[in-house]
2 protein chains.
Amino acid sequence: MADNKFTAADAQARCVPMSRLQAVIGGKWKILILWYIAFYKVQRFGELLRRLDGITQSTLTKQLRELEQDGFLHREIYREVPSRVEYSLTEFGQSFIPVLQNMLDWSEKQLCPDFVNPYK
Amino acid sequence: MADNKFTAADAQARCVPMSRLQAVIGGKWKILILWYIAFYKVQRFGELLRRLDGITQSTLTKQLRELEQDGFLHREIYREVPSRVEYSLTEFGQSFIPVLQNMLDWSEKQLCPDFVNPYK
DNA sequence: AGCAATAGTATCAAAAAGGACAGTATCATT
DNA sequence: AATGATACTGTCCTTTTTGATACTATTGCT
């Protein structure tokens, strides 16, 4: 970007990946869910429900299904008592971790500089 | 992330910047608008309207106002005939370019590998 | 005075997203 | 046979976001 060799047609063409990305990670809780699963590697439904302050069961289910359908998450069902379901990142989902990390770093430095994270 | 020195409390604390980021760039057209302005450095209202296929005037206005309020955009009014308004990135907005670039690269490689950009 | 082009605003409607809440399935344990 | 915990599903409702459409303001030019 900037004083570059790219043409206007290039800018136009690159909209497609940009729009698709927005469509896929634009949900209200998506990047947060991905962040937790990336951090803990494996998360159960109930764990996510407790961590995501304010989300409802049905919304969490919907967001998880979408992330699963878009290829980010793997869903493993354990038929125990009580039943257990574990969510983890697929290989594709893991390829997104550096982007996630990059976004988070920017946000902490530029967007929320006054937000002090005592654990950092 | 992964086999790290971070604690669970750290993971919890970092939600705040993650949520805030989502709130700020989550709009349906936001990253696309930022991408165009980053690419062309300066864009007029009408230029964006033509590039963003399917957006309406009123929606574009709202998204631009929000990006301006969140500090990404500078809005310069030229009182000519016909009047002209130019949008450009603020310094803060420019700090977001690498993140944008990173997102786009990932999307082109991983999300839309079959999408061929002939200008690349 | 009327027209044209840009960049809006205003109002209402539609669609999408998210939430509330009740109900279901499983099955070991008591 | 009832209980309890987890992980749902289904239905309806509210809120938020986006879109459609019409209208306004500016001002040089003819």
Side-chain angles (χ1 to χ4, degrees), chain A residues 15 18-37 40-70 72-89, chain B residues 15 18-37 40-70 72-89:
Chain A
C15 289
M18 272 295 196
S19 299
R20 175 121 182 73
L21 179 67
Q22 194 287 328
V24 152
I25 61 155
K28 187 170 173 186
W29 304 91
K30 297 260 177 88
I31 58 177
L32 219 48
I33 292 172
L34 289 175
W35 157 257
Y36 276 126
I37 300 180
Y40 288 104
K41 300 213 180 50
V42 170
Q43 284 283 275
R44 296 179 57 180
F45 184 85
E47 286 176 316
L48 288 168
L49 196 60
R50 265 171 268 125
R51 295 192 202 284
L52 297 164
D53 195 43
I55 202 174
T56 58
Q57 270 196 329
S58 55
T59 300
L60 178 56
T61 302
K62 279 176 222 155
Q63 305 263 315
L64 287 171
R65 290 291 173 283
E66 286 174 19
L67 286 171
E68 194 191 349
Q69 277 185 7
D70 288 328
F72 285 90
L73 299 183
H74 171 72
R75 182 161 172 266
E76 188 77 42
I77 305 162
Y78 297 90
R79 301 226 161 270
E80 307 171 350
V81 174
S83 75
R84 185 159 60 100
V85 178
E86 286 188 347
Y87 294 91
S88 56
L89 294 180
Chain B
C15 290
M18 272 297 196
S19 300
R20 176 121 181 72
L21 179 68
Q22 194 286 328
V24 150
I25 61 154
K28 185 170 172 185
W29 305 92
K30 296 264 175 86
I31 60 177
L32 219 47
I33 292 172
L34 290 175
W35 158 257
Y36 275 126
I37 300 180
Y40 289 104
K41 300 211 179 54
V42 170
Q43 283 285 273
R44 296 180 57 179
F45 184 85
E47 286 176 315
L48 288 169
L49 196 59
R50 264 171 270 125
R51 295 191 202 286
L52 297 164
D53 193 45
I55 201 173
T56 57
Q57 269 196 331
S58 54
T59 299
L60 178 56
T61 302
K62 279 175 221 153
Q63 305 261 318
L64 286 170
R65 291 290 173 283
E66 287 174 17
L67 286 170
E68 195 192 349
Q69 279 185 7
D70 288 328
F72 286 89
L73 299 184
H74 171 72
R75 183 162 173 266
E76 188 77 43
I77 306 161
Y78 296 90
R79 300 224 162 272
E80 306 170 352
V81 174
S83 76
R84 184 159 59 97
V85 178
E86 287 188 348
Y87 293 91
S88 56
L89 292 180

How many whole angstroms separate atom [atom1] of [X] from atom [atom2] of [N]?
| X | N | atom1 | atom2 | result |
| --- | --- | --- | --- | --- |
| A:Y78 | D:dC8 | OH | C1' | 18 Å |
| A:R79 | C:dA28 | CZ | P | 13 Å |
| A:L60 | D:dA7 | CG | C1' | 10 Å |
| A:I55 | D:dA7 | CD1 | P | 14 Å |
| B:I33 | D:dT17 | CD1 | C1' | 14 Å |
| A:E66 | C:dA17 | CD | P | 7 Å |
| A:K30 | C:dA16 | NZ | C1' | 12 Å |
| A:E76 | D:dC8 | CD | C1' | 17 Å |

Note to self: Within the 4.0 Å limit for protein heavy atoms, which parts of nucleotides 5-15 of chain C are touched? Write it as a string from 5' to 3', B for base, S for sugar-phosphate only, - for none.
What the structure shows: BBBBBB-----

Next item on the list: Decide side-chain contact (heavy atoms from CB on, under 4.5 Å) for A:D70 and A:I25; before the verdict, give the C-alpha distance in whole Å, the side-chain angles of both, and the deciding distance to 0.1 Å.
Entry: CA-CA 10 Å; A:D70 288 328; A:I25 61 155; over 6 Å; no

[X] side chain near [Y] side chain, heavy-atom distance below 4.5 Å:
| X | Y | answer |
| --- | --- | --- |
| A:E66 | A:K30 | yes |
| B:I37 | B:L48 | yes |
| A:L34 | A:L73 | yes |

Checklist line | side chain to side chain contact (heavy atoms under 4.5 Å, CB included) against B:S19, all qualifying residues, sequence neighbours excluded | finding: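 Listed in chain order: A:L32.
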
Check: D:dT16 phosphate, OP1 or OP2: any side-chain N/O from B:K28 under 4.0 angstrom?
Finding: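 Result: no.
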
Notebook entry, point to check: What closest approach, in Å, do B:K41 and B:S88 show between heavy atoms, and which atom pair accounts for it?
Noted result: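 B:K41 and B:S88 have their closest heavy atoms at O-CB, 3.4 Å.
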
Checklist line | Nearest atoms (heavy-atom pairs only) where A:W29 meets A:G54 | finding: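 Nearest heavy atoms, A:W29 then A:G54: CH2-C, 4.0 Å.
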
Check: What's the verdict on side-chain contact (heavy atoms from CB on, under 4.5 Å) for B:Y36 and B:L52, showing C-alpha distance, side-chain angles and the deciding distance?
Finding: CA-CA 9 Å; B:Y36 275 126; B:L52 297 164; 3.8 Å; yes

Margin query: Does B:K62 form a side-chain contact (heavy atoms from CB on, under 4.5 Å) with B:R65? I'd like the steps, not just the answer.
Written below: CA-CA 5 Å; B:K62 279 175 221 153; B:R65 291 290 173 283; 5.7 Å; no

Next item on the list: Starting from the first five and the last five pairs of the helix from C:dA1-D:dT30 to C:dT30-D:dA1, work out the angle between the resulting helix axes, to 10 degrees.
Entry: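 Helix axis angle between the two ends: 30°.
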
